[in-house]
> 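Attaching a single structure in structure tokens format; questions to follow.
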Amino acid sequence: MGDTNGQVVAGGNGKGNRLDQLNSPTDVLIDKETHSLIICDSKNQRVVRWSRRSGTTQGEILIDNIACFGLAMDDQRYLYISDVDKHEVRRYQIGDKNGTLVAGGNGEGAGLNQLSFPTYIFVDQQQTVYVSDNWNHRVMKWNQGAKEGIVVAGGQGQGNAMTQLSNPRGVLVDTLGTIYVADSWNHRVMRWPKGAKQGTLIVGGNGQGEGANQFNYPVGLSFDRHGNLYVVDYGNHRVQRFSIE
């Protein structure tokens, strides 16, 4: 807190595919067990791990040849990765290259057993997978072992009504099952209580712009332990923090 300059912890050597470079990273998570960062290095189509120990100058490839976009890790340290080419989410043990299908995987489409350009994912303690089904303008919930998902937000076509989403990105779920979603093309963050047929507006929704109450394609969401919400405001090249009641 209070820093005006950031510190490079991965990449920073220009765009490229060397082990000391990244190309358009879309997601990152912290693996506390190995004190490392796991990064979706999207344009290099790989997932890499960078140690957070000082002196680290390059990453190691965990999984190659994957059109990754979003990452999540559960309590058992399984890694979940969304694949925007195969329209699926797979679960991996660290070190395993093949993984197990946990959502989608039946070709691109809008069926309950399909996804279309899945982006960000969230996994709860029951290994339930929530996925922003971007081109279907909905958030899907896949229970462990399920053959099809359940629509838990959006799914009423693309639009800006309270029942709709437009190209959703970041997704978070709290312990009550409330879903928070970055409704990217509507420039707002929505909250969908468990079982709700429509969402409520939390922040944004004041048109596309750079005001303090506006976004320009919000994509990433994170909460801290004090309940502050952080939003990656992609088109405005900034991160905003909000206190949510």
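Each residue takes its place number in the sequence, starting with 1. Since the model is a prediction, treat every value here as computed from it, not as a measurement.
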> With I121, which of L71, V89, V171 fulfils side chain to side chain contact (heavy atoms under 4.5 Å, CB included)?
V89
> Side chains of I81 and I63: closer than 4.5 Å at any heavy-atom pair?
yes
> Decide, yes or no, whether a salt bridge links D64 with R46 under the criterion of side-chain N to carboxylate O below 4.0 Å.
no
> How many angstroms lie between atom CZ of R49 and atom CG of L79, to the nearest 0.5 angstrom?
10.0 Å
> Are side-chain heavy atoms of M73 and D31 found at a separation under 4.5 Å?
yes
> Classify the angle between the aromatic ring planes of F69 and F117 as parallel (below 30°), tilted (30 to 60°) or perpendicular (above 60°).
perpendicular
> Drop me the distance from L62's CG to D96's CG, to the nearest 0.5 angstrom.
11.0 Å
> Nearest 0.5 Å, what's the OG1-CD distance between T100 and Q93?
8.5 Å
> Within this structure, what is the CG-OG1 distance for the pair D20 and T57, rounded to the nearest 0.5 Å?
7.0 Å
> Are N134 and N167 linked by a side-chain donor-acceptor pair shorter than 3.5 Å?
yes
> Are V189 and L201 joined in one hydrophobic group, where the rule is that I, L, V, M, F, W and Y side chains link up if heavy atoms are under 4.5 Å apart?
yes
> Between R91 and Y78, is NZ or CZ placed under 6.0 angstrom from the six-membered ring centre and within 45° of the ring axis?
yes
> Under 6.0 Å from the CZ atom of F242, do we count more than 12 heavy atoms belonging to anything else shown?
yes
> Does a sphere of radius 6.0 Å around CD in E60 hold more than 12 heavy atoms from other residues, nucleotides or ligands, not counting ones at 6.0 Å or beyond?
yes
> So does F215 get a backbone contact from the side chain of D233, meaning a donor-acceptor N/O pair under 3.5 Å?
no
> If you look at every heavy atom in Q127 and D74, which pair is closest and at what distance?
NE2-OD2, 2.7 Å
> If you round to the nearest 0.5 Å, how far is CD1 of I202 from CE of M190?
8.5 Å
> How long is the straight-line distance from OG1 of T56 back to NE2 of H35, given to the nearest 0.5 Å?
8.5 Å
> Using a strict 4.0 Å threshold on nitrogen-to-oxygen distance, state whether D83 and R90 make a salt bridge.
no
> Do L22 and V48 come close enough that some side-chain heavy atom pair is under 4.5 Å?
yes
> Run the side-chain donor-acceptor check on residues 218-228: report pairs under 3.5 Å with partners two or more places apart or on a different chain.
from, atom 1, to, atom 2, distance (Å)
D224, OD1, H226, N, 2.9
D224, OD1, G227, N, 3.1
D224, OD1, N228, N, 2.9
D224, OD2, N228, ND2, 3.1
D224, OD2, Y230, OH, 2.9

> Just checking, any donor-acceptor pair under 3.5 angstrom between side chains of T163 and Q156?
no
> Around Q208, counting heavy atoms of other residues, nucleotides and ligands shown, do more than 12 lie under 6.0 Å from its CD?
yes
> Counting heavy atoms not belonging to K97, are there more than 12 under 6.0 Å from its NZ?
yes
> Checking N143 side chain against A146 main chain: does a donor-acceptor pair fall under 3.5 Å?
no
